[in-house]
Amino acid sequence: MITKNERGELVIGGVSAEELAEEFGTPLYVYDEETMELKFHELWGSFSYVPLKILYAAKANSNIHILKIFRSLGAGLDAVSPHEVLLGRMASFPPESILFTGSSVSNEDMRIVAEAGAMINIDSFSQLRRFSSLFGRGKVSIRLNLGYGEGYHSYLVTGGRTKFGVRLEELKDVLEFSRENGIDVVGLHSHMGSGISDHVLFVKALNDLLAIAEHIDSVEFVDVGGGLGISYRKDDPSLDVKSFGKELSLTMERFMEKTGRRLELRVEPGRFLTAEAGILLVRVTDIKEASRGSEKEYFIGVDSGMGHLIRPALYGAYHEVVPAKIHDREEITAHVVGNYCESGDIIAKRVRIPAVKEGEILAIMNTGAYGYSMSSNYNLRPRPAEVLVRKGGRAELIRKRESFEDMIRTML
Ligand code: LLP
């Protein structure tokens, strides 16, 4: 768990965040194993339907130690690149538990994925034709664009007029081509976007997938994708997980009663499982006044920024920033800003925060998903180290901080 203790110190998996920052240095991503397990069980427990498969979306956080946690809980893997598939194999995911859902997929991508034994989730008619000429017969799943979607930001909506999936208008031709070329469509898939707080949209998508599955005898599973929303702000709407599992289960049971077919149900969450399990610890480096007129405001500069956490700059995303230790201080209005040469390098815009001092530690909350996995070497800044706090409170370094040498190794 990530909580504040009675002294007001931020504690992750029983270990003080400030001590972790001292021991491993900053900036530092820290993950709590217990939170990930609790989230997995919460989701799993919401379903009464079997067979059910939860595929962890590796893109949210692809450290192999995180993958291994979900593997040991019984998850499969949603991979979007050949290397995510290969890392999944290294983390002991059996090939049949990995689904590769690519975009603008090359023949080389498909060769690597097929060689690793993972199933390919076809994103376009073009990809299907190339699949057929590369491998001849085979089994595939088809990613459908059902024509609607939702997400925290327009960039995070994948259903509707986007580059993703096979459009319903094309489905007839795609199925005909599959039949004529000995390709079995064993799965139907839809991922509508990222950050969906209403379970009814998932039920709608599942109903649409099942209505299609009814006419395709080879279909063995239906996959409603990921995108399960979490609350980044306390009063954000959040997905009602119990209703999500219950309603999807009921929908599957009804299909089973109607058709006599018990298909496997799949979901592919990334954020839901890891976002709340991670924090980014940073150190205050610089404080500057930023007042406009009579209202006092400050820039709180820290030793990290958009290269380590791009979400605020890219999506205008909100991440709560809290001091690792609460001192008895008045609150100020501040912009928490990073150390990159861009005006948009703002981690938190105009927030109320206790008056921290240079050298103190701040935690950027809910950064276990799409934090490290979207990081870069922009401004030639090394990426942070990653620490995993195991159940029982052992803090393990699971990725070293990058060095100057690491960053220039590939330059010739
Ligand atoms: N399945 C597929 C096919 C996906 O494309 C994605 C996410 C997921 C599952 C998992 O979605 P999740 O449950 O994590 O929402 N960088 C963005 C999120 C992009 C998600 C892309 N695809 C962010 O920082 O919010």
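Both counts, for ligands and for their atoms, begin at 1 and track the order of listing.
Applying the salt bridge (Lys or Arg N to Asp or Glu O under 4.0 Å) test to pairs two or more places apart or on separate chains, those with a residue in residues 109-136 are E108-R111. Listed by first then second residue, pairs satisfying ring-ring contact (aromatic ring centres under 6.0 Å, His included) with a partner in residues 58-109 read Y56-F70, not counting sequence neighbours.
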So what's ligand 1 close to, N/O to N/O, under 3.5 Å?
from	atom 1	to	atom 2	distance (Å)
ligand 1	1 (N)	D78	OD2	3.1
ligand 1	1 (N)	E268	OE1	2.6
ligand 1	13 (O)	G227	N	2.8
ligand 1	13 (O)	G270	N	3.0
ligand 1	14 (O)	G270	N	3.4
ligand 1	14 (O)	R271	N	2.8
ligand 1	14 (O)	Y370	OH	2.6
ligand 1	15 (O)	S194	OG	2.3
ligand 1	15 (O)	G227	N	3.4
ligand 1	16 (N)	Y315	OH	2.8
ligand 1	24 (O)	R311	NE	2.6
ligand 1	25 (O)	R271	NH1	3.1
ligand 1	25 (O)	R271	NH2	2.9
ligand 1	25 (O)	R311	NE	3.2
ligand 1	25 (O)	R311	NH2	2.9

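Of the charged side-chain nitrogens involved, none lies within less than 4.0 Å of a carboxylate oxygen, so that K325 and E360 do not count as a salt-bridged pair.
In this structure, a donor-acceptor pair under 3.5 Å is present between the side chains of N121 and S141. Side chains of R271 and S194: a donor on one and an acceptor on the other come within 3.5 Å.
R254 pairs by the side chain to side chain donor-acceptor pair (under 3.5 Å) definition with nothing, not counting sequence neighbours.
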